[in-house]
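Keep in mind that this is a model prediction, so the values were computed, not measured. Hydrogens, waters and symmetry mates are skipped; everything else that's a heavy atom, side chains included, is used. The chains referred to below are lettered A, B, ... by the order of the sequence lines, with proteins before strands, and numbering in each begins at 1.
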Protein chains: 2
Amino acid sequence: MTSTRATLMQVAERAGVSLASTSRALHGTGASKAMVERVRAAAAELGYSADAIGRSLRMKKTSQIAFAVADIGNPVYVEMMRGIHEVLAPHGYRVVVMTTGDTATSATELVRSLNSGFVDGMILIPLRTDDRLITEIRRAPVPVVVIGRALSEHGVSSVSTDSAAGIGQAVRHVRSRGRRRIGFLNGPLDTTPGAARQRGFDAAVRADGFTADRVETEVADDFTVAAGLAAARRLFSRGAGRAERLDAVVAANDLLAIGAIRAAREAGLSVPDDVAVTGMDDTELGRVFLPSLTSVSLGSAERGHAAAGLMLGLTDDPDQPARQVAVGPELIARESTADGSPR
Amino acid sequence: MTSTRATLMQVAERAGVSLASTSRALHGTGASKAMVERVRAAAAELGYSADAIGRSLRMKKTSQIAFAVADIGNPVYVEMMRGIHEVLAPHGYRVVVMTTGDTATSATELVRSLNSGFVDGMILIPLRTDDRLITEIRRAPVPVVVIGRALSEHGVSSVSTDSAAGIGQAVRHVRSRGRRRIGFLNGPLDTTPGAARQRGFDAAVRADGFTADRVETEVADDFTVAAGLAAARRLFSRGAGRAERLDAVVAANDLLAIGAIRAAREAGLSVPDDVAVTGMDDTELGRVFLPSLTSVSLGSAERGHAAAGLMLGLTDDPDQPARQVAVGPELIARESTADGSPR
DNA sequence: GTGAAAGCGCTAACAC
DNA sequence: GTGTTAGCGCTTTCAC
């Protein structure tokens with residue numbers, strides 16, 4: 001707070017050598033041993049540390065990568081960030097967090113803000129992906145890697161996961177547990193995940209030969225526990241008059257699944273005995289819940305790793321063709337779908 | 001990716017005016033209306049956007065604040081970050097995430113890295129606070145605000161919370177629910193929170209006139225569910241031979257509390273009927289858990305807000321005296337300590 | 001009100 | 001191997 005930072009110039013003067021030699025000595029490229037020693041000593045005495053901004057301006061490299069999401073509070077994003085950070089930090093990159101949520105900032109605006117050149121790249125998780133966003137990404141001055149939809153056909157590097165197939169895994173899993181009437185608890189359909197998961201559910205029940213009267217779908221306002229609770233209440237009350245009740249709920253993410261478990265509990269139903277529940281994302285929350293939640297892992301940390309890997313490739317060569325990585329979904333069976341004879 | 005960014009110089013040439021006028025026109029300070037219009041048009045045609053690095057170098061201001069924690073995966077830190085981000089973003093600050101966890105980086109090193117001048121300040125949550133760290137903070141070239149211990153006596157601005165008093169609230173709460181034999185499930189004692197919470201527990205049971213045979217303490221290896229489960233198993237098995245079993249567990253955070261509930265379940269004990277459980281931090285996890293967790297809120301988001309507020313003050317005037325904000329703990333009663341007659 | 005020029009801190013040609 | 005110098009993009013005196 002009090003001390004002011006030393007500049008390279010001051011180190012040079014103290015060492016009694018030129019600016020260039022000082023810079024070289026500190027980087028260890030093409031300087032005599034004596035020079036290196038002399039400069040090092042001067043630098044140490046002054047507590048010198050190279051200025052990141054000066055260097056950035058000269059090198060045209062900020063050593064920063066932006067991570068842009070709708071809401072950083074979402075545990076899935078947190079895990080991705082952790083994965084991204086793990087890969088990027090050893091390469092000397094800092095991670096700058098940006099959100100679309102707190103202000104009225106859209107993903108497109110976030111991408112446009114790259115024009116101010118404060119980062120060397122951006123890893124973006126858009127809730128919705130439209131043409132305007134893709135156009136903006138393609139004309140961005142630095143590489144952008146998208147986590148979400150597969151976008152390499154549009155010339156955008158991306159990390160995707162087949163959440164539709166993941167929902168299929170969940171449907172088959174509860175089927176294999178002997179469940180016959182399945183409720184699907186989805187989030188908003190106009191979001192990328194919501195749309196994909198709906199497709200996955202529809203395809204899975206069709207493939208499994210479900211008749212329409214054995215399937216219910218309910219859409220929550222948001223991918224949250226509260227919204228899931230409200231929607232699951234509707235789901236359970238809808239089937240209340242029927243002969244056969246729902247004996248399984250496949251939820252589009254873990255938070256909705258927790259909402260469903262609470263709603264089941266309210267309705268006097270036991271999980272998993274009366275109704276099996278599956279989530280998606282394999283969050284810590286689901287893992288430690290009671291009953292622990294069967295969930296389809298979409299490899300959050302893995303996707304973070306992959307996105308960061310793509311980014312490293314792109315910062316090396318920004319003109320390389322767009323690449324795409326797919327991370328497979330994997331169902332992890334836990335207590336919420338444990339075997340037992342449903343009434 | 002393909003397009004290259006326009007510079008102020010190019011805008012100036014296109015507008016046919018000087019560099020200085022261009023800069024002024026774009027900032028709206030002391031330029032004629034005609035000039036402003038002319039420059040604006042040229043800038044728009046070129047899609048100009050001011051370079052953040054060039055400006056930073058000139059202004060000696062990066063518009064970035066670092067948020068440094070041990071492990072960004074911790075939900076409490078995530079909520080703080082959200083709070084920090086909410087306050088800082090409207091002021092044009094970006095948040096850079098740093099962790100001590102992923103490499104062998106210590107908090108002291110993180111503070112020392114401020115010498116490279118890539119941020120205008122740092123909000124730090126150290127696990128341990130020793131003299132070396134305080135010294136490093138005081139000689140840092142930019143403001144540092146600490147979330148954790150109250151440090152203004154040492155000339156360091158800080159946001160603290162009285163977690164010791166919070167544990168006291170938890171103890172009195174379970175007492176008021178008629179519980180007589182209390183187990184304290186703490187995390188590592190050589191951490192700032194661990195030490196404070198132990199002090200709080202010891203003081204509370206002493207004040208409440210507990211005799212030593214009515215109190216058990218167990219220390220987990222870490223502030224996690226897994227460590228909490230292991231430690232809680234020890235806690236329950238320790239008292240197994242006694243006449244009176246534990247009828248309450250006060251845990252040092254929500255994750256440990258969840259571990260305790262799992263251990264209770266394993267031991268065939270019902271929560272809250274046989275044993276009441278309290279956590280601390282009031283996390284989403286605890287709120288949605290079944291049974292929902294009684295927890296002492298330490299105002300995570302609020303502390304984030306406060307820290308960001310202090311930071312804004314310090315960036316305005318770095319030499320103002322160190323300030324300190326205390327956020328009071330608040331117990332939020334939920335199902336895990338609901339009334340009922342313990343056996 | 002506008003322009004010319006200095007300079008923030010750094011690295012990399014380019015000469016010697 | 002070392003020194004001199006230009007210049008990354010920007011803002012801001014300083015003259016006019």
Legend entry - Nearest-angstrom distance from the residue atom CG of A:Leu57 to P of D:dC8: 9 Å
Inset, instruction - Compare side-chain N and O positions of A:Ser32 against OP1 and OP2 of D:dT2 and report whether any pair is under 4.0 Å apart. - result: yes
Inset, instruction - For B:Ile53, answer base if it contacts any base atom (sugar-phosphate contacts may also be present), sugar-phosphate if it contacts only those atoms, and nothing otherwise; contact means non-hydrogen atoms under 4.0 Å. - result: nothing
Inset, instruction - Could you verify whether a donor N or O on one side chain and an acceptor N or O on the other, from A:Gln324 and A:Ser152, lie under 3.5 Å apart? - result: yes
Legend entry - base_contact_polar (D:dG3 base, A:Arg24 side chain, donor-acceptor, <3.5 Å): yes
Inset, instruction - State whether the number of non-hydrogen atoms from other residues, nucleotides or ligands found under 6.0 Å of B:Glu45 atom CD is greater than 12. - result: yes
Legend entry - Under 4.0 angstrom between A:Ser23 side-chain N/O and C:dC10 OP1 or OP2: no
Inset, instruction - Find which nucleotide of DNA chain C each of B:Gly16 and B:Gly54 is nearest to by heavy atoms, and output the residue with the more 5' nucleotide. - result: B:Gly16
Legend entry - Option passing side chain to side chain contact (heavy atoms under 4.5 Å, CB included) with B:Leu133 (candidates B:Val156, B:Leu151, B:Val111, B:Leu110): B:Val111
Legend entry - Atom-pair distance (CG on A:Asp51; P on D:dC8), nearest Å: 18 Å
Inset, instruction - Nearest whole angstrom, please: distance from the C1' of D:dG7 to the CZ of A:Arg55. - result: 17 Å
Inset, instruction - Output yes when at least one side-chain N/O atom of B:Ser18 is less than 4.0 Å from OP1 or OP2 of C:dA4, else no. - result: no
Inset, instruction - Nearest-nucleotide wise, let me know which of B:Thr22 and B:Lys60 is further upstream toward the 5' end of DNA chain C. - result: B:Thr22
Inset, instruction - Using atom CE of B:Met35 as one end and atom P of C:dG3 as the other, report the distance to the nearest whole Å. - result: 5 Å
Legend entry - Spacing between A:Met9 atom CE and D:dG3 atom C1', to the nearest angstrom: 13 Å
Inset, instruction - State whether the number of non-hydrogen atoms from other residues, nucleotides or ligands found under 6.0 Å of A:Arg323 atom CZ is greater than 12. - result: no
Inset, instruction - Determine yes or no for a side-chain-to-main-chain donor-acceptor pair under 3.5 angstrom, with A:Thr62 supplying the side chain and A:Asp120 the backbone. - result: yes
Inset, instruction - Could you tell me the separation between the CE atom of A:Met59 and the C1' atom of C:dC10, rounded to a whole number of Å? - result: 9 Å
Inset, instruction - Whole angstrom is fine here: how far is it from NE2 in A:His27 over to P in C:dA12? - result: 7 Å
Inset, instruction - Round to the nearest Å and state the distance from B:Lys61 atom NZ to D:dC10 atom C1'. - result: 16 Å
Legend entry - Phosphate-side-chain proximity, B:Lys33 and C:dG1, N/O vs OP1/OP2 below 4.0 Å: no
